[in-house]
Amino acid sequence: MSVKLAAQYDPNDFIFDHPLGEHNMYFGYLLPTITELMSKFEKLKNSRMNYCQPLIIALHEGINKIFGELLNDEFLIISATSHPFFKTAWIDNEFKKNTAVTLLRDAVMLLGVNSPIREHDVDSDSDDNANTSFFSWTQKKPENIAIEAELGDFLKRSPTKKLETLNLTPTLKKVFIKYNTPLPSSAPVERVFGVGGAILPTKNEKK
């Protein structure tokens with residue numbers, strides 16, 4: 001019985017302990033962690049833990065009630081998909097995956113407007129404008145084409161925790177910084193401004 005309970009609470013402990021870290025912890029961890037946790041509880045609900053089922057169901061419903069709405073938060077979706085370790089790997093539903101890519105593309109395009117990409121990066125002088133203006137895709141700005149290529153390059157790479165890979169995609173790096181700067185928990189801030197350590201007996205002892 002104790003082994004079953006330990007297996008049941010293990011994923012729950014992870015989600016509440018892991019995001020409290022100060023190092024290598026970003027906002028993009030939130031949705032993939034919640035998604036994985038809910039998936040683990042779904043598997044537990046389908047397991048043969050007969051005596052634990054009421055507790056498993058209660059925990060699963062409670063997590064869904066508290067965090068369920070966050071799964072549709074656009075800021076959180078972009079923060080997760082712009083992280084080189086997660087991208088869209090944490091999304092099972094194909095429609096939601098396409099929606100996430102669209103949100104990421106819009107964010108990249110928005111920040112890429114002021115990118116240092118120049119018109120001469122794409123050789124358009126040799127084109128016959130009279131012959132190509134009929135096709136709508138030829139009207140795309142060169143910088144937009146470059147950003148699309150950058151996004152495609154980012155998404156096709158294998159997931160990695162090495163943030164240095166973002167240097168290969170400078171516009172994606174801007175998106176990552178914008179959407180992953182917030183910490184998923186206030187615990188690190190509370191530790192900075194906490195006064196608990198200042199009132200310990202060892203500091204108040206008389207010499």
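Here the structure is a predicted model, which is why all the values come from computation and not from measurement.
Between Thr181 and Phe27 the shortest side-chain heavy-atom distance does not fall below 4.5 Å. In this structure, the side chains of Leu172 and Leu104 come closer than 4.5 Å at one or more pairs of heavy atoms. Thr165 is not listed as a side-chain neighbour of Phe154, based on a closest heavy-atom distance of 4.5 Å or more. Residues Lys97 and Asp92 fail the side-chain proximity criterion, which asks for heavy atoms closer than 4.5 Å. The shortest distance between side-chain heavy atoms of Thr102 and Asp106 falls below 4.5 Å. With a 4.5 Å cut-off on side-chain heavy atoms, Tyr29 and Phe86 count as touching. Counting heavy atoms from C-beta on, the side chains of Glu150 and Pro170 come closer than 4.5 Å.
Using modelled atom types, one side-chain atom of Thr99 and one backbone atom of Phe95 make a donor-acceptor pair closer than 3.5 Å. A distance-only check finds a donor-acceptor pair linking the side chain of Asn180 to the backbone of Gly28 [under 3.5 Å]. Glu36 places no side-chain N or O within donor-acceptor distance of the main-chain N or O of Leu31, the cut-off being under 3.5 Å.
Atom CD of Glu42 has more than 12 heavy atoms from other residues, nucleotides or ligands within 6.0 Å. Other residues, nucleotides and ligands place more than 12 heavy atoms under 6.0 Å from the NZ atom of Lys45.
Scanning both residues, Ile78 and Val175, for their nearest heavy atoms gives CG2-CG1, 3.9 Å. When all heavy atoms of Met109 and Ile147 are compared, the pair lying nearest together is SD-CG2, 3.9 Å. Of all the heavy atoms in Gln53 and Leu44, the pair that sits closest is NE2-O, 3.2 Å. Asp73 and Leu76 get closest at one heavy-atom pair: OD1-N, 3.1 Å. Minimum interatomic distance between Lys173 and Leu166 (heavy atoms only, all atoms of both residues): CB-O, 3.6 Å.
Pairs of residues two or more places apart, or lying in two chains, that qualify as side chain to side chain donor-acceptor pair (under 3.5 Å) and include a residue from residues 151-163 are Asp153-Arg157.
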Show the atom names and distances, to 0.1 Å, of all donor-acceptor pairs under 3.5 Å that link a side chain in residues 61-72 to residues at least two apart or in another chain.
none

Go through the steps for Leu155 and Val101 under the test side chain to side chain contact (heavy atoms under 4.5 Å, CB included), then give the verdict. CA-CA 9 Å; Leu155 292 174; Val101 172; 4.1 Å; yes
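Residues Leu168 and Phe85 fall into different hydrophobic clusters, defined by Ile, Leu, Val, Met, Phe, Trp and Tyr side chains chained together at heavy-atom separations under 4.5 Å. Using a 4.5 Å cut-off between side-chain heavy atoms of Ile, Leu, Val, Met, Phe, Trp and Tyr, with links allowed through other members, Phe75 and Ile77 fall into the same hydrophobic cluster.
Interatomic distance, OH of Tyr51 versus CD1 of Ile56, reported as 14.0 Å (0.5 Å rounding). Separation of atoms CG (Leu151) and OG1 (Thr171) is listed at 9.5 Å; rounding is to 0.5 Å. Interatomic distance, NZ of Lys174 versus CG of Leu110, reported as 11.0 Å (0.5 Å rounding). To the nearest 0.5 Å, atom CD of residue Glu74 and atom CG of residue Leu103 are 5.0 Å apart.
Take Ser79 and apply the side-chain hydrogen bond (donor to acceptor under 3.5 Å, both in side chains) test, not counting sequence neighbours, and it matches no residue.
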